[in-house]
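Just below is one structure, and these are the notes that go with it.
Just so you know, residue 1 is the first one in the sequence shown, and it goes up from there. If you're wondering where the values come from, they're calculated on a predicted model, not measured in any experiment.
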Amino acid sequence: MSSSADWIKMRIGDELGLVAEDLARLYGVPLPDLDTHLTALESSPQAAVQRILSDVDGVRMGYRIIIVTDQHLAAIRERLRTYPFHPLVSAAGADGAIGWHLGGDDAQFVAFRMADIVGIDFDWSDVLRMRLHRLILHYSDQSPEITPTFRDRVVDVAAYLIELTGIL
């Protein structure tokens, strides 16, 4: 596996919580051919990441099965308004910067409550849980404070990811 492909996959994991299998499905390539495909997308790994993010968004908008409405967003915001998030977990991102992601319990709570509100089944909500647990929500040497702005970010990210459900 090439280091460029590894970096691209790690960066997409940081950004969206996607794994190699998700990317192979996105591009319709067998998993063993994924690294070659990713490194051939653009002239640099950074450009490839931007291309992948754009491609993911295009697929989300064009083929989504689930549409998160303003009512869904309001309901999940209300549910998370007083939720006592545990301390976030630190991880080194693809660029080497320290990032922070939800712990397993918090990722599960957000994913399963969002699934209840939007109306998706357990299997799809479990994929959302894994993605929420994997992606980095905040880059900094210090863990972010759990403010209303942070809670809104969690809701926005979860809403984006839930619209990928059933596609990737």
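Closest approach of I136 to G93, counting heavy atoms only: CD1-CA, 3.8 Å. S4 and T39 make their closest contact through CB-CG2, 3.8 Å (heavy atoms, listed as atom of the first residue, atom of the second, distance). Residues M114 and I162 come closest through the heavy atom pair CG-CD1, 3.6 Å. For the residue pair A111 and S125, the shortest heavy atom distance occurs at CB-O, 3.6 Å. Of all non-hydrogen atoms in L73 and A159, the two that sit nearest each other are CD2-CB, 3.6 Å. Between L128 and A158 the shortest heavy-atom distance is CD1-O, 4.0 Å.
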> Are E21 and L34 close enough, and set up right, to give a side-chain contact (heavy atoms from CB on, under 4.5 Å), and what steps lead you there?
Replying inline: CA-CA 9 Å; E21 290 82 359; L34 180 63; over 6 Å; no
>> Please evaluate residues R131 and D22 with respect to the criterion salt bridge (charged side-chain N to carboxylate O under 4.0 Å, His left out), reporting the C-alpha separation (whole Å), side-chain torsions for both, the decisive distance (0.1 Å), and the verdict.
In response: CA-CA 11 Å; R131 289 177 178 167; D22 298 322; 3.0 Å; yes
> Can you list the steps and then say if W124 with I66 is a side-chain contact (heavy atoms from CB on, under 4.5 Å)?
Replying inline: CA-CA 11 Å; W124 282 1; I66 301 164; 3.9 Å; yes
> I52 and V56: side-chain contact (heavy atoms from CB on, under 4.5 Å), yes or no, with the steps?
Replying inline: CA-CA 6 Å; I52 294 165; V56 167; 4.2 Å; yes
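Using modelled atom types, one finds a donor on one side chain and an acceptor on the other under 3.5 Å when comparing Y83 with D106.
Pairs of residues two or more places apart, or lying in two chains, that qualify as side chain to side chain donor-acceptor pair (under 3.5 Å) and include a residue from residues 145-154 are R77-D152.
Taken to the nearest 0.5 Å, the CG atom of L137 stands 5.0 Å off from the CG atom of L102. Separating the CD1 atom in I76 from the CG atom in D116 is a distance of 8.5 Å, to the nearest 0.5 Å. Atoms CG and CG, from L23 and L41 in turn, are 9.5 Å apart once rounded to the nearest 0.5 Å. Taking CD1 from I98 and NE2 from H138, the interatomic distance works out to 11.5 Å, rounded to the nearest 0.5 Å. Rounded to the nearest 0.5 Å, atoms OG (S143) and CZ (F85) are 11.5 Å apart. For the atom pair S43 OG and R51 CZ, the distance stands at 11.5 Å (nearest 0.5 Å).
Remark: aromatic rings of F122 and F112 are close, center separation under 6.0 Å.
The shortest side-chain heavy-atom distance between V59 and I167 falls under the 4.5 Å cut-off. V157 is not listed as a side-chain neighbour of Y160, based on a closest heavy-atom distance of 4.5 Å or more. In this structure, the side chains of F109 and H86 stay at 4.5 Å or more apart for every pair of heavy atoms. Taking 4.5 Å as the limit, every side-chain heavy atom of V127 sits out of range of all side-chain heavy atoms of L161.
Qualifying side-chain hydrogen bond (donor to acceptor under 3.5 Å, both in side chains) partners for Q50, counting only residues two or more places apart in sequence or in other chains: none.
No continuous path of ILVMFWY side-chain contacts below 4.5 Å connects M130 to V19, so the two sit in separate hydrophobic clusters.
Side chain of H101 to backbone of R134: no donor-acceptor contact under 3.5 angstrom is found. A donor-acceptor pair under 3.5 Å is absent between the side-chain atoms of R129 and the main chain of Q108, judged by distance alone. Put simply, the side chain of W100 never gets that close to the backbone of A91: no donor and acceptor are under 3.5 Å apart. The backbone N or O of A94 sits less than 3.5 Å from a side-chain atom of D14, completing a donor-acceptor pair. Using a distance-only test at 3.5 Å, with no hydrogens or angles considered, no donor-acceptor pair links the side chain of D95 to the main chain of A97.
Taking a cutoff of 4.0 Å between a charged side-chain nitrogen and a carboxylate oxygen, D35 and K9 qualify as a salt bridge. In summary, E15 and R11 engage in a salt bridge, as defined by a charged side-chain N under 4.0 Å from a carboxylate O.
Cation-pi geometry between R60 and Y63 is not satisfied (NZ or CZ under 6.0 Å from the ring centre, within 45° of the ring normal).
Other residues, nucleotides and ligands contribute at most 12 non-hydrogen atoms within 6.0 Å of the CG atom of D141. For Y139, the OH atom counts as densely surrounded, since its 6.0 Å shell holds more than 12 non-hydrogen atoms of other residues, nucleotides or ligands.
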